[in-house]
Number of protein chains: 4
Amino acid sequence: MGRKQVPSLVKDEKLIQKRREEMVKAAVILFKDKGFHRTTTREIAKAAGFSIGTLYEYIRTKEDVLYLVCDSIYDEVRSRLQSEIVMDQPGINRLKEAIAAYFKVMDEMQDEVLVMYQEAKSLSDEALPYVLRKEIEMTSMFEKLIQRSVDAGNLNLTEKEVNLLAHNIMLQGQMWTFRRWILQKEHTLESYTQFQIQILLNGIAYDQPTNQV
Amino acid sequence: MGRKQVPSLVKDEKLIQKRREEMVKAAVILFKDKGFHRTTTREIAKAAGFSIGTLYEYIRTKEDVLYLVCDSIYDEVRSRLQSEIVMDQPGINRLKEAIAAYFKVMDEMQDEVLVMYQEAKSLSDEALPYVLRKEIEMTSMFEKLIQRSVDAGNLNLTEKEVNLLAHNIMLQGQMWTFRRWILQKEHTLESYTQFQIQILLNGIAYDQPTNQV
Amino acid sequence: MGRKQVPSLVKDEKLIQKRREEMVKAAVILFKDKGFHRTTTREIAKAAGFSIGTLYEYIRTKEDVLYLVCDSIYDEVRSRLQSEIVMDQPGINRLKEAIAAYFKVMDEMQDEVLVMYQEAKSLSDEALPYVLRKEIEMTSMFEKLIQRSVDAGNLNLTEKEVNLLAHNIMLQGQMWTFRRWILQKEHTLESYTQFQIQILLNGIAYDQPTNQV
Amino acid sequence: MGRKQVPSLVKDEKLIQKRREEMVKAAVILFKDKGFHRTTTREIAKAAGFSIGTLYEYIRTKEDVLYLVCDSIYDEVRSRLQSEIVMDQPGINRLKEAIAAYFKVMDEMQDEVLVMYQEAKSLSDEALPYVLRKEIEMTSMFEKLIQRSVDAGNLNLTEKEVNLLAHNIMLQGQMWTFRRWILQKEHTLESYTQFQIQILLNGIAYDQPTNQV
DNA sequence: AATGAATGAGAATTCATTCAT
DNA sequence: CATGAATGAATTCTCATTCAT
């Protein structure tokens with residue numbers, strides 16, 4: 001639901017999925033290395049293991065590859081996240097765990113995350129909204145988690161503050177990859193996670209006086 | 001100090017500076033609109049008001065333009081910041097004022113900031129370090145401010161935490177432009193600033209119980 | 001007699017004929033719309049109702065389709081013409097009737113005629129003579145009709161003049177389709193036919209003074 | 001007046017004209033030989049004596065070349081015609097001379113005429129009207145000549161007949177090139193001209209009884 | 001210093017044809 | 001016989017860069 005249709009000349013749906021996976025996998029590596037614009041369609045085809053003609057049996061334009069890449073990365077992030085997060089129980093600790101899980105996924109998928117956020121801007125006006133929607137969906141996942149703690153009386157936040165907090169979480173996860181060149185020199189994922197959670201939550205939680213997480 | 005030399009065929013330094021300013025001004029607008037790769041050197045020259053031949057009298061490659069753009073934006077950010085921040089006196093309030101001033105500058109220079117962070121990755125391995133260094137310098141400006149509060153006993157943070165906090169500040173400023181499509185729909189710069197400062201500081205300041213900024 | 005052999009991988013002659021008819025029918029529509037070069041073999045196959053693989057079971061190259069199209073149109077023109085023309089009796093009126101019948105067929109088969117004369121030039125040096133021969137055959141049909149009137153003493157023309165007159169008739173029929181964009185705005189088929197016959201014949205017939213047809 | 005603007009990146013109008021002439025000259029030869037679609041832009045550039053890059057400094061698309069070719073041929077035809085036709089005096093003989101002059105120009109410019117009428121259909125919907133208008137203009141030149149003889153009482157024709165007669169003349173001129181493969185085997189330009197004029201006029205002129213021209 | 005015409009390597013995309021299933 | 005996925009040569013067009021004037 002809500003996914004942009006990328007037309008293919010090939011009919012076999014299974015095959016389409018398989019080939020596109022190969023294509024996306026190859027493209028991520030290339031995009032990470034050289035960026036979307038400096039990567040040629042021929043390189044993508046070659047790296048994916050098929051001919052340029054075959055590539056174009058599964059997409060319409062080079063930009064389609066970028067869209068598929070972004071789409072696929074979001075799906076992967078979400079799927080990994082869902083397997084790590086238990087959303088059944090409320091509470092600050094659930095939220096903390098979710099944040100940590102999210103940071104972990106960002107850490108594991110650094111290359112993909114980097115590619116997605118660096119190159120998404122090259123999507124056409126038509127494709128971009130689909131990708132932005134996914135970002136909003138992920139953000140609202142955190143909003144819901146935070147809201148639960150608010151509802152449970154563990155946090156005292158207005159709606160706008162909940163929203164902003166969710167954005168902060170999202171961006172701090174991305175920051176770990178964007179600023180890897182400096183952050184990952186000086187911090188481990190664990191220390192980074194610990195401190196960010198502390199900053200995010202301790203200022204706003206009721207049970208403050210003690211500074212521990 | 002630490003600026004990459006961009007060679008020019010023209011001798012007159014005054015003229016070089018003038019032409020490059022025109023060129024950068026034109027390029028920022030174009031890059032914001034179409035991105036670095038989709039902007040042609042012809043377009044830059046035309047928008048800057050001179051011929052393609054003249055453009056190449058003042059740069060060596062298209063990438064030089066990007067470097068000059070990034071360089072110039074950093075200088076502008078810093079210069080605006082410095083005129084707003086009083087660094088002579090320590091204290092949490094000074095820090096808060098600095099953060100607010102930084103957010104304000106980011107807000108005023110949204111287009112430029114967007115261009116710089118979106119396109120800097122297209123810089124060559126040779127030019128990139130010069131730009132990253134500027135980012136580090138700006139970050140350490142905040143580090144110093146924070147450190148003063150630590151030294152003055154207003155904050156209790158390890159060196160790594162100071163570093164991370166500075167990064168958080170930097171990124172939150174950028175986030176205001178990156179996520180403008182969603183943030184600026186729901187928040188004003190003032191409310192955004194207020195809340196981010198609250199999150200950043202209240203969790204770590206000694207004088208917590210009261211939730212004011 | 002005198003038809004170019006287009007090889008097929010399929011043995012069943014009935015089937016070959018059936019498939020080729022489907023293919024030609026589809027191709028005429030496409031060629032009329034987009035021209036031979038802008039029409040793809042895939043489109044032809046699809047419009048004909050079978051797969052690209054099947055198309056190539058019945059032809060060797062795309063040009064074969066064009067040849068089959070031209071060939072088929074000529075056959076259709078001739079067949080329609082023969083059912084309308086009575087060649088048994090001589091006389092000027094027979095000739096006039098034949099011309100009118102020919103113009104009528106051209107009018108009915110406008111699309112096909114247009115395609116044939118516009119695209120025949122794309123035939124290879126090998127195939128072209130077969131098509132030209134058909135044109136010559138049709139021309140000489142008119143030559144024979146005219147010659148009969150000459151032999152019967154109704155017209156006074158040299159052999160070369162008979163030939164040229166036949167060409168004029170042929171071209172005036174085609175002109176009705178070629179220049180449809182202007183002619184068919186200002187004339188009906190009937191008025192066009194009337195006047196052309198008048199021009200063609202009254203100048204050369206013995207019984208001139210009266211200007212009637 | 002009424003000419004489609006073909007944009008060029010080059011500013012020097014003189015140069016544009018010169019290069020386009022070279023380009024058209026080269027293209028006519030190639031188009032005659034292989035047709036528009038089978039001729040590549042690289043071939044055109046090479047034959048014109050400049051690089052592919054330079055070619056595209058003077059046109060926007062390949063189709064522009066075709067338009068320039070058609071446009072230039074029409075201009076050439078008209079200019080040659082005007083230098084041969086005296087339009088000051090009326091009379092049947094003036095008309096006959098004009099027809100002969102037109103046939104002569106068609107004969108001299110066979111290659112160009114062939115190219116124009118075979119390939120004009122490949123023009124876009126946007127460019128085609130400009131070319132058709134030229135055809136109409138030429139046709140109405142003959143209309144005017146015929147009308148004069150009508151006005152002078154030498155011919156007795158309705159307006160529609162005048163129009164159709166003009167079309168006949170136009171097409172007979174073109175026919176000399178279209179059907180060159182057969183006509184020019186059996187006729188000289190002179191005999192062709194003589195006979196066509198006789199057919200066209202003798203049937204409609206008042207002074208008929210004697211069949212000579 | 002300024003200009004802008006010339007260059008050609010390079011990039012995306014198409015499409016006739018083949019061939020394994 | 002029928003299918004349609006695979007192929008890659010070929011084509012149009014772009015654009016950073018140069019250099020003669």
Side-chain angles (χ1 to χ4, degrees), chain A residues 8-12 15-16 19 37-46 49-65, chain B residues 8-12 15-16 19 37-46 49-65, chain C residues 8-12 15-16 19 37-46 49-65, chain D residues 8-12 15-16 19 37-46 49-65:
Chain A
S8 165
L9 292 176
V10 173
K11 296 175 177 178
D12 185 337
L15 196 53
I16 292 178
R19 291 274 183 263
H37 281 105
R38 288 200 224 274
T39 302
T40 70
T41 51
R42 294 192 116 84
E43 285 170 326
I44 297 169
K46 193 173 179 188
F50 32 76
S51 72
I52 182 66
T54 299
L55 181 76
Y56 276 91
E57 294 274 304
Y58 294 92
I59 52 157
R60 273 246 246 269
T61 67
K62 187 185 174 188
E63 203 215 286
D64 280 347
V65 179
Chain B
S8 165
L9 294 175
V10 176
K11 306 287 166 188
D12 185 339
L15 196 51
I16 293 180
R19 290 274 185 259
H37 281 104
R38 289 199 225 274
T39 302
T40 68
T41 51
R42 270 169 140 122
E43 286 170 323
I44 297 169
K46 191 174 178 191
F50 34 77
S51 72
I52 182 65
T54 301
L55 183 76
Y56 275 88
E57 296 277 311
Y58 296 92
I59 53 158
R60 276 248 242 266
T61 69
K62 186 185 173 189
E63 204 214 284
D64 281 348
V65 179
Chain C
S8 164
L9 293 175
V10 175
K11 305 289 167 188
D12 185 339
L15 196 51
I16 293 179
R19 291 273 186 260
H37 281 103
R38 289 200 226 274
T39 302
T40 69
T41 51
R42 269 168 139 121
E43 285 170 323
I44 297 169
K46 192 175 178 190
F50 35 76
S51 72
I52 182 67
T54 301
L55 183 76
Y56 274 87
E57 296 278 311
Y58 295 93
I59 52 158
R60 276 247 242 267
T61 69
K62 186 186 173 188
E63 203 216 285
D64 281 348
V65 179
Chain D
S8 166
L9 293 175
V10 173
K11 297 176 176 175
D12 185 337
L15 196 52
I16 292 178
R19 290 276 182 260
H37 281 105
R38 290 201 224 275
T39 302
T40 70
T41 50
R42 292 192 119 84
E43 285 171 325
I44 297 170
K46 193 174 178 189
F50 33 75
S51 72
I52 181 67
T54 299
L55 181 75
Y56 276 92
E57 294 274 303
Y58 294 91
I59 52 159
R60 272 247 246 268
T61 67
K62 187 186 174 189
E63 203 216 285
D64 280 348
V65 180

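Chain letters run A, B, ... following the sequence lines, proteins first and then strands; every chain starts at 1.
- Of the inter-residue distances, the one linking D:T54 atom OG1 with D:L9 atom CG reads 11.0 Å to the nearest 0.5 angstrom.
- Using a 4.0 Å heavy-atom criterion, one finds that B:L9 contacts no nucleic acid atom at all.
- Between the C1' atom of F:dA2 and the NZ atom of A:K11 lies a distance of 12 Å, rounded to the nearest Å.
- Atom NZ in D:K11 sits 11.0 Å away from atom CD1 in D:I16 (nearest 0.5 Å).
- Listed here is the closest heavy atom pair of B:E43 and B:T40: OE1-N, 2.8 Å.
- For A:K62 (side chain) and A:T39 (main-chain N/O), a donor-acceptor pair under 3.5 Å exists by modelled atom type.
- Residue D:L15 is in sugar-phosphate contact alone, with no base atom involved, counting any heavy-atom pair closer than 4.0 Å across all strands shown.
- Counting only heavy atoms from C-beta on, C:V10 has its side chain closest to F:dC1 among E:dT3, F:dT18, F:dC1.
- Of the side-chain N and O atoms in B:R19, none sit less than 4.0 angstrom from OP1 or OP2 of E:dA1.
- Between the CD1 atom in D:I44 and the CD1 atom in D:I52 there is a gap of 8.0 Å [rounded to 0.5 Å].
- By the 30° and 60° cut-offs, the orientation of the rings of C:F50 relative to C:Y58 is tilted.
- To the nearest 0.5 Å, the span separating CZ on D:R60 from CG on D:D64 amounts to 8.0 Å.
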Whenever both distances are under 3.5 Å in a Watson-Crick or G-U wobble pair, mark it; put DNA chain F into dot-bracket that way, with [ ] for crossing pairs and | when the partner is on another strand. .||||||||||||||||||||
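- Contacts between residues 53-65 of chain A and DNA chain E, counted as heavy-atom distances below 4.0 Å, involve A:Y56, A:T61, A:K62.
- Minimum interatomic distance between A:L55 and A:T41 (heavy atoms only, all atoms of both residues): CD2-O, 3.6 Å.
- When all heavy atoms of D:V65 and D:I59 are compared, the closest pair comes out as CG2-CD1, 3.5 Å.
- Of all non-hydrogen atoms in D:L15 and D:V10, the two that sit nearest each other are CD2-CG1, 4.3 Å.
- One interatomic measurement links the two molecules: CD1 of D:I52 to C1' of F:dT14, which rounds to 11 Å at whole-angstrom precision.
- For DNA chain F, the neighbouring residues in residues 37-46 of chain D, judged by any heavy atom under 4.0 Å, are D:T39, D:T40, D:T41, D:R42.
- The existence of a salt bridge linking B:R42 and D:E57 is confirmed by a sub-4.0 Å separation between a basic side-chain nitrogen and an acidic carboxylate oxygen.
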